[in-house]
K.L.:
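One structure is given below, represented as structure tokens, and several questions about it will come after.
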Amino acid sequence: MKSFEIEQKYRVGNSAKVRQLLKKLGARKIAAGVERNEFFDRNGFLSKKKTALRLRRFGKQATLTLKGPRLVSLFTKRREIEAAVDYEPIKTILLLSGFRVLQSYTKRRESYSLGPALVTLDHLSKFGGFLEIEGRAGVIRVIEKRLGLSAKDREERSYLQMLFGWKH
């Protein structure tokens with residue numbers, strides 16, 4: 001179990017070009033498909049703490065994640081606790097415990113392993129393509145440069161902020 005996530009999201013216009021660059025850099029595709037994300041809260045308890053509780057379904061796998069508020073950092077950094085779960089029972093437990101789904105969205109996602117980093121290529125309807133690099137800050141900087149990205153390509157908002165105007 002890792003306790004912190006460090007990542008950076010970038011807007012990408014040409015996903016095919018990014019895929020070619022990833023392949024050229026030796027990235028290995030580890031998953032692809034449609035991902036469903038549901039965010040839960042109970043009476044605003046988590047949102048008041050700028051914390052998100054997400055149940056994610058990707059293929060046959062499901063993950064429950066608690067993400068804390070953003071910390072001051074060069075890239076997006078926050079406390080993150082994550083566990084693989086069985087989707088139907090955990091959703092039922094959450095709902096019976098008084099949690100409600102506040103928001104949900106679906107995206108297409110491709111995940112790649114690139115050295116010590118996880119790189120994902122996402123597509124959201126109405127918003128287009130995004131690339132996320134997750135790893136140590138130095139690794140993110142190196143991959144950013146190797147992919148021809150820069151600070152001007154960064155998207156600082158989370159998907160929840162873009163889609164629903166959440167402040168977390």
K.L.:
Kindly indicate whether the side chain of D153, heavy atoms from C-beta on, has any atom under 4.5 Å from the side chain of V12.
P.N.:
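No; the side chains remain at least 4.5 Å from each other.
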K.L.:
For K9, which of E156, E134, E132 qualifies under salt bridge (Lys or Arg N to Asp or Glu O under 4.0 Å)?
P.N.:
E132
K.L.:
Using side-chain heavy atoms (C-beta onward) and a distance below 4.5 Å, is E82 in contact with E5?
P.N.:
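A side-chain contact is absent here, since even the closest heavy-atom pair is not under 4.5 Å.
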K.L.:
Report yes or no: does N14 contribute a side-chain atom to a donor-acceptor pair with the main-chain N or O of A16 at less than 3.5 Å?
P.N.:
yes
K.L.:
For a quick test of your reading: what N or O donor-acceptor pairs under 3.5 Å do the side chains of residues 52-62 make, sequence neighbours left out?
P.N.:
residue : atom : partner : partner atom : Å
R54     : NH2  : T65     : OG1          : 3.2
R56     : NE   : E35     : OE1          : 3.3
R56     : NE   : E35     : OE2          : 3.0
R56     : NE   : N37     : OD1          : 2.8
R56     : NH2  : E35     : OE2          : 3.2
R56     : NH2  : N37     : OD1          : 3.3

K.L.:
Residues in salt bridge (charged side-chain N to carboxylate O under 4.0 Å, His left out) with D122, at least two apart?
P.N.:
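In terms of salt bridge (charged side-chain N to carboxylate O under 4.0 Å, His left out), with neighbours along the sequence ignored, D122 is linked to K107, R109.
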K.L.:
Please find the pair of heavy atoms, one from R157 and one from R70, that lie closest to each other, and give the distance.
P.N.:
C-NH2, 3.9 Å
K.L.:
Indicate yes or no: at least one non-hydrogen side-chain atom of I143 is less than 4.5 angstrom from one of L25.
P.N.:
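In short, these two side chains do not touch, never coming nearer than 4.5 Å.
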K.L.:
Which residues satisfy the ring pair (Phe, Tyr, Trp, His ring centres under 6.0 Å) test with F40, sequence neighbours excluded?
P.N.:
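Applying ring pair (Phe, Tyr, Trp, His ring centres under 6.0 Å) to F40 gives none.
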K.L.:
Under 3.5 Å, which donor-acceptor pairs link side chains of residues 92-102 to any protein atom two or more places apart or in another chain?
P.N.:
residue : atom : partner : partner atom : Å
T92     : OG1  : E88     : O            : 3.0
S97     : OG   : I93     : O            : 2.7
R100    : NH1  : L95     : O            : 3.0

K.L.:
Looking at side-chain heavy atoms only, is the closest gap between S3 and R79 below 4.5 Å?
P.N.:
yes
K.L.:
Between atom CD1 of I81 and atom NZ of K67, what is the distance when rounded to the nearest 0.5 Å?
P.N.:
12.5 Å
K.L.:
Mind checking side-chain hydrogen bond (donor to acceptor under 3.5 Å, both in side chains) for T106 and listing every partner two or more places apart, or none if nothing turns up?
P.N.:
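Testing T106 for side-chain hydrogen bond (donor to acceptor under 3.5 Å, both in side chains), a comparison that skips the adjacent residues, returns R36.
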K.L.:
Apply ring pair (Phe, Tyr, Trp, His ring centres under 6.0 Å) to residues F130 and Y159 and explain how you reach the verdict.
P.N.:
CA-CA 10 Å; F130 297 89; Y159 291 132; 5.5 Å; yes
K.L.:
Scan residues 137-147 for pairs that pass salt bridge (charged side-chain N to carboxylate O under 4.0 Å, His left out), counting only residues two or more places apart or in two chains.
P.N.:
E144-R154
K.L.:
Any side-chain heavy atom of Y10 within less than 4.5 Å of one from L147?
P.N.:
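When only atoms from C-beta onward are counted, L147 and Y10 do not touch, as no gap falls below 4.5 Å.
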K.L.:
Counting C-beta onward and ignoring hydrogens, is there a side-chain heavy-atom pair between S15 and E110 closer than 4.5 Å?
P.N.:
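No. Closest side-chain heavy atoms not under 4.5 Å.
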